[in-house]
Amino acid sequence: MLRVTPAIIILGQNSLAIAKTISTVFPGSQIYGLVDRTSDTDINFSNFGETLRELFATETPIIAICAAGIIIRTLAPLLSDKRAEPPVLAVAEDGSAVVPLLGGLHGVNDLAREIAAALGVQPAITTTGDIRFRTALLSPPQGYYLANPEDAKTFISNLLAGAKVRLEGAANWLWESNLPLAPDAKLTLLVTEKAVLPTVDCLVYHPQIAAFALTNLSCVEPEVAISYVQQILENTDVAAASVAGFFALKNDMGNPILEAISQFFKVPVCLLNVPELVEFETVKLIQYNSSFDVTAAQISLTAAGANSQLIGYDRTNAFTCAIALATQPIDASAIGISRGKLAIVGTGPGGAPWMSPEVKQILREATDWVGYKFYLDLAGTLREGQNRHDSDNRQEIDRARFALDLAASGKSVAVVSSGDPGIFAMAAAVFEAIDFDAKPEWEGIDIRVAPGISAMQAAAAAIGAPLGHDFCAISLSDILKPWEVIEQRISAAAKADLVMAFYNPISKQRIWQLGRAIEILLETRDAKTPVVLGRNLGRPGESVRVCTLGEFQPEDADMRTLVIIGSSQTRIIPRKFGDVWVYTPRRYEK
């Protein structure tokens with residue numbers, strides 16, 4: 001299983017169907033499409049070479065549906081260290097060929113097999129060792145780590161030249177291969193959880209069978225906690241690469257110590273509830289310490305599963321810990337829950353073309369989408385395994401609470417707003433819920449806000465640059481604030497000669513507020529002041545028109561209209577065929 005989701009590159013619309021088939025194999029993967037030649041992709045690009053090199057430099061697996069030659073010529077200048085190369089594959093436009101090109105140390109051949117199976121073809125694997133021995137010594141399966149890949153080339157060359165190899169340790173994927181096994185061979189494949197020193201004649205594989213539990217976390221510097229973990233592993237003679245995960249109780253979600261340890265050792269943190277923990281005879285374990293912490297032992301044994309063995313226990317100034325060994329590699333993703341994630345995203349005023357790459361990636365990777373039905377429709381279609389939770393547009397706080405509870409259960413949640421989530425939208429609602437409810441289980445959630453293009457930006461861009469100088473944004477909705485406050489702000493902004501963007505100008509229930517706002521503006525602002533009306537921005541039926549403040553009537557707008565009121569400096573430029581540009585100069589002239 002890939003730790004980083006791949007990027008699927010297409011250069012023409014004919015490749016989209018194959019790309020979508022491949023994307024179903026890798027949840028969270030994104031389809032990159034060449035601008036003007038593709039549509040319905042996750043990310044658009046205009047320069048193939050720059051995009052490919054950027055992905056390669058960030059170690060993102062690349063699946064390019066195009067000729068192998070163009071990939072080779074593009075990436076050739078970057079090739080220097082095969083240990084740092086991500087998987088790179090070429091796939092024929094019709095899906096008839098899957099060719100692994102780079103990333104032999106990072107499972108490119110296994111990746112090719114997965115893609116080929118989805119397309120119903122045979123992968124074009126040319127690696128001699130893979131073909132002859134029916135296994136990839138350089139890229140072991142998930143759950144195993146090769147400690148000395150720098151020795152593998154010579155080792156495999158010797159095997160191909162006729163040398164025999166003996167196998168020490170348990171690993172079915174090696175026993176079931178076509179390797180020339182012999183008990184007295186000079187070459188050795190060693191499968192062990194212990195920290196051993198590899199040699200050129202011995203490839204060492206560490207199975208991820210160690211469950212490292214942590215409890216009683218204290219406030220210490222992350223570096224100190226990491227050094228304690230390293231010392232404990234050394235004392236128990238367990239290789240860091242054999243740790244499948246760090247395990248803790250759910251109420252420690254988000255603890256900086258856990259996050260720092262996870263990032264340093266590059267393994268996940270998994271969280272369990274007390275009722276999930278196994279029971280055992282405490283008396284047999286007192287030997288580890290007179291003040292033995294049963295919970296730490298329970299956590300490690302629960303994670304390691306049936307027939308596991310507790311091999312270590314310690315108490316430091318940072319935490320209490322226990323280490324248990326499983327009989328097979330541990331799939332940490334199937335144990336407990338991960339730290340919950342909550343991203344509040346802005347999709348822009350329209351569909352996919354208005355979304356940032358960050359927002360698209362969040363939507364692809366989230367387990368759950370939460371939002372107003374209309375906005376979720378704009379966000380696009382869900383991939384397999386994702387859940388959608390619709391709610392009414394007036395239920396912002398309840399929607400925020402629901403999303404926070406989902407994230408607290410270990411889900412990765414995307415709360416979807418149109419425009420920018422921080423402008424009259426869901427970001428404020430989420431933080432308001434956190435502020436006033438103060439539920440302890442929400443404190444450990446990883447929360448982020450991903451900005452989007454706001455309606456006022458979209459309207460301004462469509463007509464020129466009316467926000468080119470100082471401006472403000474005011475919502476005319478008096479549902480959550482008194483109308484008297486809105487009047488005061490309109491009057492103050494008018495006297496300050498600010499350009500104004502009016503959100504929520506009118507609705508079926510609020511029919512008189514916009515007319516009153518116009519009256520207030522006309523008290524201090526010239527009737528010839530330009531007004532921009534942007535409706536359905538980025539959506540079917542989009543329109544942007546310009547009138548003057550004196551001409552502007554409430555019936556000219558609706559709830560899907562963004563209104564921009566110019567300042568005394570805002571100007572209209574007539575265009576040749578009847579249209580106009582509107583802008584506000586950066587220089588202010590009295």
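In what follows, every heavy atom counts, from backbone to side chain, and hydrogens, waters and symmetry copies are set aside. FYI, the numbering just counts along the sequence from 1.
Looking at heavy atoms from C-beta onward, T347 lies out of side-chain contact with Y375 at the 4.5 angstrom threshold. Annotation: side chain of Q13 is not in contact with side chain of R37 (no heavy-atom distance under 4.5 Å). Counting only heavy atoms from C-beta outward, the side chains of I18 and E93 never approach each other to under 4.5 Å.
Remark: side-chain polar atoms of Q395 are paired, donor with acceptor, to backbone N or O of D392 under 3.5 angstrom. With N47 contributing its side chain and E50 its backbone, the two residues share a donor-acceptor pair below 3.5 Å.
Between Y144 and H206, the gap from one ring centroid to the other reaches at least 6.0 Å. Aromatic rings from F265 and F212 are positioned such that their centres are separated by 6.0 Å or more.
Between F45 and Y32, the ring planes are tilted. Angles from 30° to 60° get that label.
For D377, the side-chain contact (heavy atoms from CB on, under 4.5 Å) partners two or more places apart in sequence, or in a different chain, are K373, R388. Qualifying side-chain contact (heavy atoms from CB on, under 4.5 Å) partners for N251, counting only residues two or more places apart in sequence or in other chains: L249.
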Practice task
Give the intermediate values and the outcome of salt bridge (Lys or Arg N to Asp or Glu O under 4.0 Å) for residues R339 and E259.
Solution key: CA-CA 9 Å; R339 183 186 183 189; E259 296 301 306; 3.5 Å; yes
Practice task
Determine, stepwise, if the pair N307 / T327 fulfils side-chain hydrogen bond (donor to acceptor under 3.5 Å, both in side chains).
Solution key: CA-CA 7 Å; N307 302 317; T327 56; 5.5 Å; no
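Side chains of R399 and S391: a donor on one and an acceptor on the other come within 3.5 Å. T58 and T60 form a side-chain donor-acceptor contact under 3.5 Å, judged by distance and modelled atom types alone. Q457 and S454 share a side-chain donor-acceptor pair at under 3.5 Å.
Residues E396 and R401 are not paired through a salt bridge, judged by the lack of any N-O separation under 4.0 Å between the basic side chain and the carboxylate.
F374 carries R560 over the face of its six-membered ring, with the cationic atom under 6.0 Å from the centre and within 45° of the normal.
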